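Computed from a prediction, not measured in an experiment: that's the story for all the values here. Chain A is the first sequence line, chain B the second, and so forth, proteins listed ahead of strands; every chain is numbered from 1.
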Amino acid sequence: EDQVTQSPEALRLQEGESSSLNCSYTVSGLRGLFWYRQDPGKGPEFLFTLYSAGEEKEKERLKATLTKKESFLHITAPKPEDSATYLCAVNGYQKVTFGIGTKLQVIP
Amino acid sequence: KAGVTQTPRYLIKTRGQQVTLSCSPISGHRSVSWYQQTPGQGLQFLFEYFSETQRNKGNFPGRFSGRQFSNSRSEMNVSTLELGDSALYLCASRPWGDNEQFFGPGTRLTVL
């Protein structure tokens, strides 16, 4: 069965303090790894799709990378508005499996 | 382009009742998936529809069902509600053949 494990569960950063979120996965036949951002009371907002090991994508202060077993979401010089829960998901053979998420809090 | 819309946004029901949730996908998206989100379990896949046919199904009891109409709009029904069904129900749409899903705001269901 496909599995996604995200760590840490929660992360508190000072504004400007860069860090990384981890997503470990096992999947039969990876058809894409996704990162989403979710604000309280809202649906997940799509950020990135990665397809193969070595691939990287960037958007503003976020950079997502992929290896054969893990993905990282690097946050450079975060701002308070980056506070949210970040979800990782893998698209396997028949369905998309999500991790529990990392709740990020950026303090001014 | 308008995003995925879900109605109603909030619902309060009592145990034993049934409920129907509605989802309108992004125009041109023919695949609709449903998820249940709870604090302890995260997003759990319920089912996916394409061209009015259920393509995939998650590990939920038969009380959870859905359907899709010819205009790609989808409904989800939960019968004989239990306290544990309290959750945020999310709908996501995508063009068939694409992997990226786009989510609606969700319906917050509370079962008393």
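A:V90 is connected to A:L47 through a chain of hydrophobic side-chain contacts under 4.5 Å among Ile, Leu, Val, Met, Phe, Trp and Tyr, so both are in one cluster. Put simply, A:L66 and A:L21 are part of the same group of oily side chains (I, L, V, M, F, W, Y) that touch within less than 4.5 Å, one to the next. Hydrophobic clustering (ILVMFWY, side-chain heavy atoms < 4.5 Å, transitive): B:L43 and A:F34 are in one cluster. Taking hydrophobic clusters as Ile, Leu, Val, Met, Phe, Trp and Tyr residues chained together by side-chain heavy-atom distances below 4.5 Å, A:F72 does not share a cluster with A:I100. Residues A:L33 and A:V27 are members of one and the same hydrophobic cluster, defined by side-chain heavy-atom contacts under 4.5 angstrom among Ile, Leu, Val, Met, Phe, Trp and Tyr.
Note that the NZ atom of A:K95 and the OH atom of B:Y35 stand 9.0 Å from one another [nearest 0.5 Å]. Atom-to-atom distance recorded for B:N59:CG and A:E1:CD is 6.5 Å, nearest 0.5 angstrom. Taken to the nearest 0.5 Å, the CZ atom of B:F103 stands 8.0 Å off from the CG atom of A:L87. With rounding to the nearest 0.5 Å, the separation of CD in B:E100 from CG in A:N91 is 10.5 Å.
Interface residue B:L88: only side-chain heavy atoms are found under 4.5 Å from chain A. With a 4.5 Å cut-off on non-hydrogen atoms, B:R9 touches chain A through its side chain but not through its backbone. If you measure heavy-atom distances from A:Q38 to chain B, the contacts under 4.5 Å come from the side chain alone.
At least one side-chain heavy atom of B:Q101 sits under 4.5 Å from a side-chain heavy atom of A:Y36.
The environment of NZ in A:K79 is sparse: at most 12 heavy-atom neighbours from other residues, nucleotides or ligands sit within 6.0 Å. Within a 6.0 Å radius of CD in A:E9, other residues, nucleotides and ligands contribute 12 heavy atoms or fewer. For B:R63, the CZ atom counts as densely surrounded, since its 6.0 Å shell holds more than 12 non-hydrogen atoms of other residues, nucleotides or ligands.
Most heavy-atom pairs under 4.5 Å with chain B, from the set A:P44, A:G99, A:G32, A:G43: that is A:P44. Most heavy-atom pairs under 4.5 Å with chain A: of the set B:G106, B:G42, B:P105, this distinction falls to B:P105.
At distances below 3.5 Å, not a single donor-acceptor pair connects side-chain atoms of B:N99 with backbone N or O atoms of A:T49.
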